[in-house]
Amino acid sequence: MKKVYITHGTENYLGKLANEHLQENTLLLVSPDNAALLHETEGDTFFKEGRNYEVLDSVGEMVKNGLAVFNNIPVTEEGRPLFEHRFKNRAGKIETEPGFLALRVLRPTNSDTYVIFTLWEDEKSFLDWKESNSFKSAHKKQGTSEGLDQQKQVFPKPSYITSFRVKEA
């Protein structure tokens, strides 16, 4: 099974770490106040610390440019099967959006927070998708009594989004 590992640190340290492991599939991610290194592999990671995930769904290639967006979604233990079922049966419309590069649905192995990771050519592509009909269709039940987001037995706390610019190490 494919896995993703994410660790945080300074941009300089993480860039050096990535350069020491050029044979590995990594992305150096930077924002004004944070830096992370993402490692995708079928084996073990070279990280000493970090968050670990199993890849439930994988579309597209991890390229070393663009905008990386993490939709961080806390899910209760009892809500995991329902949440995973939803993503295993998603419509798949995001893949046809202009500027879309990759998607990973990540199951946490050491926390309660799933990550829906998307990679875009640029911020404009991501913002355009959020205004698109495919986004509206995929999220049409959100905020309604039928929406999963309203079920406290599934989502114990609000989700949050973080974004990073992908940078060459």
Closest non-hydrogen atom pair between Leu101 and Glu121, with its separation: CD1-N, 3.6 Å
From CA spacing to verdict: side-chain contact (heavy atoms from CB on, under 4.5 Å), Phe87, Asp57: CA-CA 8 Å; Phe87 274 95; Asp57 193 4; over 6 Å; no
CH2-OG1 distance between Trp120 and Thr118, expressed to the nearest 0.5 angstrom: 5.5 Å
Under 3.5 Å: donor-acceptor pair, side chain of Asn72, backbone of Tyr160: yes
Cluster check Val115, Leu29: I/L/V/M/F/W/Y, side chain < 4.5 angstrom: yes
Note, Val55 side chain near Lys3 side chain (heavy atom, < 4.5 Å): no
Beyond-backbone contact of Phe46 with Thr41, side-chain heavy atoms, under 4.5 angstrom: no
CG-NZ distance between Leu28 and Lys64, expressed to the nearest 0.5 angstrom: 8.5 Å
Side-chain heavy-atom pair Phe70, Ile116 within 4.5 angstrom cut-off: no
Audit row: Ser125, Asp122, side chain to side chain donor-acceptor pair (under 3.5 Å) steps and yes/no: CA-CA 6 Å; Ser125 298; Asp122 52 33; 2.8 Å; yes
SB check Asp112 Arg80 (cutoff 4.0 Å): no
Co-membership, hydrophobic cluster, residues Ile161 and Ile94, 4.5 Å side-chain: yes
Minimal non-hydrogen separation, Val4 against Ile6, with atom names: CG1-CG1, 4.0 Å
Spacing of OG1 belonging to Thr10 relative to CG belonging to Asn34, to within rounding of 0.5 Å: 11.0 Å
Asn110 CG: over 12 foreign heavy atoms closer than 6.0 Å: yes
Sole residue of Leu38, Val30, Leu37 in side-chain contact (heavy atoms from CB on, under 4.5 Å) with Leu14: Leu37
Reported NZ-to-CG distance for the pair Lys167 and Asn65, which is rounded to 0.5 angstrom: 14.0 Å
Exercise: identify the closest heavy-atom pair between Gly60 and Ala102: C-CB, 4.0 Å
Steps toward salt bridge (Lys or Arg N to Asp or Glu O under 4.0 Å) verdict (Arg165, Glu123): CA-CA 9 Å; Arg165 185 174 43 88; Glu123 186 175 17; over 6 Å; no
Atom pair CH2/NZ of Trp129 and Lys124 - distance to nearest 0.5 Å: 15.0 Å
Heavy-atom side-chain contact between Ile73 and Phe83 under 4.5 Å: yes
Student check: side-chain heavy atoms of Leu106 and Tyr114 closer than 4.5 Å: no
Candidate pair Arg107 and Glu54, rule salt bridge (Lys or Arg N to Asp or Glu O under 4.0 Å), full reasoning: CA-CA 5 Å; Arg107 175 197 291 142; Glu54 296 171 336; 2.5 Å; yes
Close side-chain approach of Asp128 and Glu97, heavy atoms under 4.5 Å: no
Evaluation steps, ring-ring contact (aromatic ring centres under 6.0 Å, His included), between Phe100 and Phe126: CA-CA 8 Å; Phe100 170 82; Phe126 171 69; over 10 Å; no
Flag if over 12 foreign heavy atoms under 6.0 Å of CD, Glu61: no
CA sep, side-chain torsions, deciding dist, call: Met62, Arg104, side-chain contact (heavy atoms from CB on, under 4.5 Å): CA-CA 10 Å; Met62 301 287 235; Arg104 301 294 185 271; 3.5 Å; yes
Atom pair CD/OG of Glu11 and Ser31 - distance to nearest 0.5 Å: 9.5 Å
Shortest non-hydrogen separation from Val154 to Pro156 and the atoms involved: O-CD, 3.5 Å
Chi angles and distances behind the side-chain contact (heavy atoms from CB on, under 4.5 Å) call for Ser111, Arg51: CA-CA 8 Å; Ser111 78; Arg51 294 177 290 156; 5.5 Å; no
Pair Val105-Phe117, side-chain contact (heavy atoms from CB on, under 4.5 Å): steps then yes or no: CA-CA 6 Å; Val105 178; Phe117 169 87; over 6 Å; no
Leu17 versus His21, closest heavy-atom pair with distance: O-ND1, 3.0 Å
His39-Thr26 side chain donor-acceptor pair, cut-off 3.5 Å: no
Heavy-atom neighbours of Lys130 NZ exceed 12 at 6.0 Å: no
CA sep, side-chain torsions, deciding dist, call: Glu40, Tyr5, side chain to side chain donor-acceptor pair (under 3.5 Å): CA-CA 6 Å; Glu40 183 176 52; Tyr5 302 93; over 6 Å; no
Distance-minimising heavy-atom pair for Tyr53 and Thr113: CE2-O, 3.6 Å
Ser163 vs Leu67 side-chain heavy atoms within contact, under 4.5 Å: yes
